[in-house]
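Here the structure is a predicted model, which means the values were calculated and not measured. Positions are given from 1, in the same order as the sequence printed here. Atoms considered below: every heavy atom in the structure, side chains included; atoms not considered: hydrogens, waters and symmetry mates.
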Amino acid sequence: MIRKVHLFLIAGIAFLGLLGTGACGGDDSVSGGKKRLKIAGVFLQEDQFFRLIQFGMRDAADQAGAELLLASSDSKLDKEIQLVNTYIARQVDAIVLSPLSKTASVTALTRARDAGIKVITYNSTVEGGVPVSFIESDQSNLGAQTGRVARSYIEERLGGNAKIAILAFKSLLAEQSDARTGGFKSEISNLPGAEIVAEQDAWLPEIAIKKVGDILTANPEVNLIWSANEGGTVGAVMAVKSAGQEGRIAVFGTDVSDQLAGFLLSDDQILHATTGQRPFEIGSKAVETAVDAINEEPVKNRVSMSGVLLNRLDPAAVRTFRKRLQELIAKGS
């Protein structure tokens, strides 16, 4: 009996020793005994824009030898808060996310900061000094670039007269939506014959299809639609096509994707121009910044990236961009 107890105690001590050294030590360290960084990446929804951001995050995390934990908030504030709390409990080194609200997201992120976690925001941010850095596109410029092309279209193709419908996403991200919409409006506001007759929220394709249908029923004179994001742009194109209004109603948009590039190359003449962000670069820059912040290296408080304008009038540039986009998608898959 004494021998059995003795063997049991030896086994128990060995087990405790294993816990002390970490059974998953290979996952938490890299060569030289240096602790492997753990970074959480939170995105809003599963569309191509945020998928490309994830690919950029993964690429930068791989190059840094960091562990990347990815999750979607599904555009729900309660889920975003739950994810932040989970990552605090898991003691990640940094949280990189696109917050839903500049005010309501602050409390959870403050807890993360106070727990010693570096907070980096991208695409959207929060009030106060919680994030060590914010990575963004110039939101106003995204709307303005497309607005300049729309202005030329109105002047050259419509004789300076247009009835315009706008699809925004103010109830989702008011500051970002307003910046893009304001940029677009700034380019057409001094056209005396251009009138905005409808402005509604619709940032997902299925919702945008219905909203555009309702707008056209109430305002059959609409001959130009601008959308503030990818989902709204896709839905607007599909709604115009479904209504058989190709050639009469022109669509201008924001964001770029393989699908939108295809619309620009289509013979149906519906989508004329869209200005996109550089999501892969935003994702990689956000994680690179997180690594620098964790290592106490200096980082910029705000990094603003220029957009990419794609125009139906330059199909060669659209094809080049589409090829690069497909390469990035293949790389991240």
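- Residues Q45 and D47 bring a donor and an acceptor atom of their side chains to less than 3.5 Å of each other.
- For the pair R312 (side chain) and S266 (backbone), a donor-acceptor distance under 3.5 Å is present.
- Looking at M305 and I135, their side chains come closer than 4.5 Å, going by heavy atoms from C-beta outward.
- Side-chain contact between F49 and L44 is absent, with no heavy-atom pair separated by less than 4.5 Å.
- Checking S137 against Q277 by side-chain atom types alone, a donor-acceptor pair falls below 3.5 Å.
- Scored by the side chain to side chain contact (heavy atoms under 4.5 Å, CB included) test, E187 finds A144, R148 as partners (sequence neighbours excluded).
- The side-chain heavy atoms of I225 and I215, taken from C-beta on, include no pair separated by under 4.5 Å.
- With a 4.5 Å cut-off between side-chain heavy atoms of Ile, Leu, Val, Met, Phe, Trp and Tyr, the cluster of I88 takes in V42, L69, L83, V84, Y87, V92, I95, L97, V106, L109, I117, V119, V126, V130.
- Counting heavy atoms from C-beta on, the side chains of F50 and I53 come closer than 4.5 Å.
- Listed by first and then second residue, the side-chain hydrogen bond (donor to acceptor under 3.5 Å, both in side chains) pairs involving residues 212-223 are K210-D214 (not counting sequence neighbours).
- The side chain to side chain contact (heavy atoms under 4.5 Å, CB included) check on E46 picks up F43, R51, Q54, with sequence neighbours excluded.
- When side chains are defined from C-beta on, L310 does not count as touching L260, because their heavy atoms never get closer than 4.5 Å.
- L142 approaches G276 most closely through the heavy-atom pair CD2-O, 3.8 Å.
- Here the side chain of R278 pairs no donor or acceptor atom with the backbone of V308 at under 3.5 angstrom.
- Both F321 and L271 belong to a single network of hydrophobic side chains, linked directly or stepwise wherever heavy atoms of I, L, V, M, F, W or Y lie under 4.5 Å apart.
- Under a 3.5 Å cut-off, the side chain of R322 and the backbone N or O of A261 do not form any donor-acceptor pair.
- For the side chain to side chain contact (heavy atoms under 4.5 Å, CB included) test, no residue two or more places apart in sequence or in another chain qualifies with A218.
- Looking at heavy atoms from C-beta onward, Q48 lies out of side-chain contact with Q259 at the 4.5 angstrom threshold.
- By the neighbour-count criterion of 12 heavy atoms within 6.0 Å, atom NZ of K285 is sparsely surrounded, having that number or fewer from other residues, nucleotides or ligands.
- Contacts of T125 classified as side-chain hydrogen bond (donor to acceptor under 3.5 Å, both in side chains), with partners at least two apart in sequence or in another chain: T121.
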N/O donor to acceptor pairs below 3.5 angstrom from side-chain atoms of residues 160-174, sequence neighbours left out:
residue	atom	partner	partner atom	Å
K163	NZ	E195	OE1	2.5
S171	OG	D201	OD2	2.7

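- When all heavy atoms of L309 and A273 are compared, the closest pair comes out as CD1-CB, 4.4 Å.
- Listed here is the closest heavy atom pair of V132 and K118: CG1-CD, 4.4 Å.
- Without hydrogens or angle criteria, T274 side chain to V256 main chain gives no donor-acceptor distance under 3.5 Å.
- Side chains of D59 and Q63: a donor on one and an acceptor on the other come within 3.5 Å.
- Here the side chain of N311 pairs no donor or acceptor atom with the backbone of D314 at under 3.5 angstrom.
- Under the salt bridge (Lys or Arg N to Asp or Glu O under 4.0 Å) criterion, D62 pairs with no residue, sequence neighbours left out.
- For E199, the salt bridge (Lys or Arg N to Asp or Glu O under 4.0 Å) test picks out K185, with sequence neighbours left out.
- Residues meeting the side-chain hydrogen bond (donor to acceptor under 3.5 Å, both in side chains) test with S124, sequence neighbours left out: S98.
- K79 meets the side-chain hydrogen bond (donor to acceptor under 3.5 Å, both in side chains) test with D74; sequence neighbours excluded.
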Acceptor/donor pairs from residues 238-246 side chains to any protein atom, 3.5 angstrom cut, sequence neighbours excluded:
residue	atom	partner	partner atom	Å
Q245	OE1	R248	NE	2.4
Q245	OE1	R248	NH2	3.3

